[in-house]
Participant: 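Take a look at the following structure, please.
Just so it is clear, the model here is predicted, and its values are computed rather than measured.
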Amino acid sequence: MVADTAPSGAMSRVYALSDGNSFYASCERVFDPSLIDRPVVVLSNNDGCVVARTPEAKAMGVPMGAPWFEIRESYLRAGGLVRSSNYALYGDMSRRVNAIYDQYADEVEVYSIDESFLDLTLAPAPEQHARQMRETVLRWTGIPTCVGLGPTRVLAKAANHLAKKRPEFDGVCDLSDPERRMTLLASMEVADVWGVGRALSARLAANGVHTAADLAALQPKSARQILTVMGERIVLELQGVHCSALEVTAPARKGVAVTRSFGRPVSTLAEMEQAVRTHAVRAGEKLRRHGRAAPQIVVFYFTSRHRDGPQRSVSGVETFPVATSDSLALSAAAGRLARRLWKPGYLYTKAGVMLDGLISPTDAALDLWHQPDPRRGELMRAMDAVNQRFGRHALAPAGVTYQRPWGLKQDMRSPRWTTCLAEVPIAKA
DNA sequence: TCTGGGGTCCTAGGACCC
DNA sequence: TCTGGGGTCCTAGGACCC
């Protein structure tokens with residue numbers, strides 16, 4: 001039996017999932033018309049692998065996640081175009097798109113840089129409403145989107161998947177109607193259901209579950225046996241039973257990590273120390289932006305499995321007397337850990353700083369012997385304000401430099417068209 | 001030369017306690 | 001003769017997501 005509303009007569013809702021098509025690549029196209037109708041890929045940090053592809057690049061057979069060094073030659077030879085990722089641009093475009101969603105929906109949950117859940121329950125004709133919204137987003141920002149509609153978030157996600165894959169939907173798919181829903185879910189592989197990855201779909205296949213409709217037809221109890229509570233929730237939501245609401249206000253951060261591959265391998269302690277101290281300062285900025293404090297810091301670094309030579313992977317932790325978001329304290333601790341863990345004779349390729357178990361600074365355990373210096377808070381606020389005004393690298397603690405030979409590769413980054421005054425486009429008469 | 005970065009949630013199992 | 005059992009807390013690791 002298929003339940004179509006939440007129990008006890010609760011009002012059934014209409015959720016939408018709207019996302020930008022090939023979002024990063026679409027952002028690049030908005031400001032560079034020479035990319036229109038051409039194959040374009042956008043690369044991950046460090047120009048490592050492909051993270052976004054225009055339909056033309058997909059048609060050339062470039063797989064998602066393809067290592068750039070592997071496809072580079074043949075891709076460029078075939079006329080493909082490429083950009084390093086430009087997060088300043090994508091983040092700003094995302095903000096603009098969400099500002100439009102806000103005008104069309106009662107509530108918006110920003111789920112990721114290119115996806116938002118919308119509550120369209122009060123819209124008289126949700127599908128029409130979604131089509132109008134889609135047109136407005138395209139006209140005002142230049143970003144093409146697809147929208148999926150359904151009574152639960154899992155169904156809205158599934159509908160969005162169908163809207164993207166099936167041109168006949170023209171960018172909007174509605175799974176509100178139970179009969180139509182079962183027909184369409186039967187055409188969808190179970191691995192394409194939100195929350196079902198490689199491991200779970202293998203487990204499901206062993207139980208004869210191959211399509212999204214098969215999964216929706218399971219008894220929630222058997223789903224729980226096969227997939228634990230997550231699976232039970234997915235099945236209920238596929239059946240139209242509302243289990244998860246929108247998270248309109250972002251929940252407090254639990255962890256923060258800053259990790260980077262090096263532009264080239266690092267073999268000296270001086271460089272390693274500088275790298276992790278720089279990561280720690282960035283982590284401190286994130287902590288303060290989210291209003292959190294870290295009780296401890298973890299530093300790690302390792303060599304690459306993809307390289308010959310001796311391998312080494314280490315990590316160490318230092319606990320603070322009082323949870324902190326002070327960049328100077330974080331950086332000093334990171335430096336100590338880097339030294340403590342150091343062993344020469346290796347080509348290290350990646351290092352990172354992780355802060356977990358974050359708390360609110362006001363909950364930081366008060367310690368009679370370790371009273372935080374109030375001037376440190378002032379200093380951090382001043383530093384953040386200066387960097388906000390004059391750019392991220394304007395002011396940094398000693399021992400942290402942004403002239404890093406070990407830093408990122410991003411040789412093909414487009415200008416920060418919308419967020420950096422020196423790089424805004426100039427219209428010619 | 002060369003394979004991203006940053007999150008969340010859940011579970012199993014060990015430590016510890018009474 | 002005979003050597004408990006149940007609860008809680010924490011952590012590591014797996015799985016998933018974009």
Participant: OP1, OP2 of C/dA15 versus side-chain N and O of A/R198: anything below 4.0 Å?
Facilitator: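 Result: no.
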Participant: Does B/dG4 have its OP1 or OP2 closer than 4.0 Å to a side-chain nitrogen or oxygen of A/T259?
Facilitator: no
Participant: Does the distance from a Lys or Arg side-chain N to an Asp or Glu carboxylate O, for A/K254 and A/D356, drop under 4.0 Å?
Facilitator: no
Participant: Decide whether a cation-pi geometry holds between A/R153 and A/Y15; the criteria are a distance under 6.0 Å from NZ or CZ to the six-membered ring centre and an angle within 45° of the ring axis.
Facilitator: no
Participant: Among the nucleotides B/dG7, B/dG4, B/dG6, which one has an atom lying closest to any side-chain atom of A/R260?
Facilitator: B/dG6
Participant: For A/R305, report the nucleic acid contact type (base, sugar-phosphate, nothing); a contact means any heavy atom under 4.0 Å.
Facilitator: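 A/R305: no heavy atom of the nucleic acid under 4.0 Å.
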Participant: Start at the 5' end of DNA chain B and walk down; is the nucleotide closest to A/T228 or to A/V258 reached first?
Facilitator: A/V258
Participant: Less than 4.0 angstrom between a side-chain N/O of A/K286 and OP1 or OP2 of B/dG5, yes or no?
Facilitator: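 Answer is no, no contact under 4.0 Å.
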Participant: Under a 3.5 Å cut-off for both contacts, is B/dC18 paired Watson-Crick or G-U wobble with anything, and if yes, with which nucleotide?
Facilitator: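 Because both required distances fall under 3.5 Å, B/dC18 counts as paired with C/dG5.
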Participant: Treating A/Y75 as the side-chain partner and A/L81 as the backbone partner, does any N or O pair qualify as donor plus acceptor under 3.5 Å?
Facilitator: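 Such a contact is found between A/Y75 side chain and A/L81 backbone.
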Participant: Can you see if the side chain of A/R253 gets near the phosphate of B/dG6 - specifically, an N or O under 4.0 Å from OP1 or OP2?
Facilitator: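 A/R253 to B/dG6 OP1/OP2: no side-chain N or O under 4.0 Å.
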Participant: Just compare B/dG5, C/dC16, C/dC18 and give me whichever is closest to any side-chain atom of A/A199.
Facilitator: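 Output: C/dC16.
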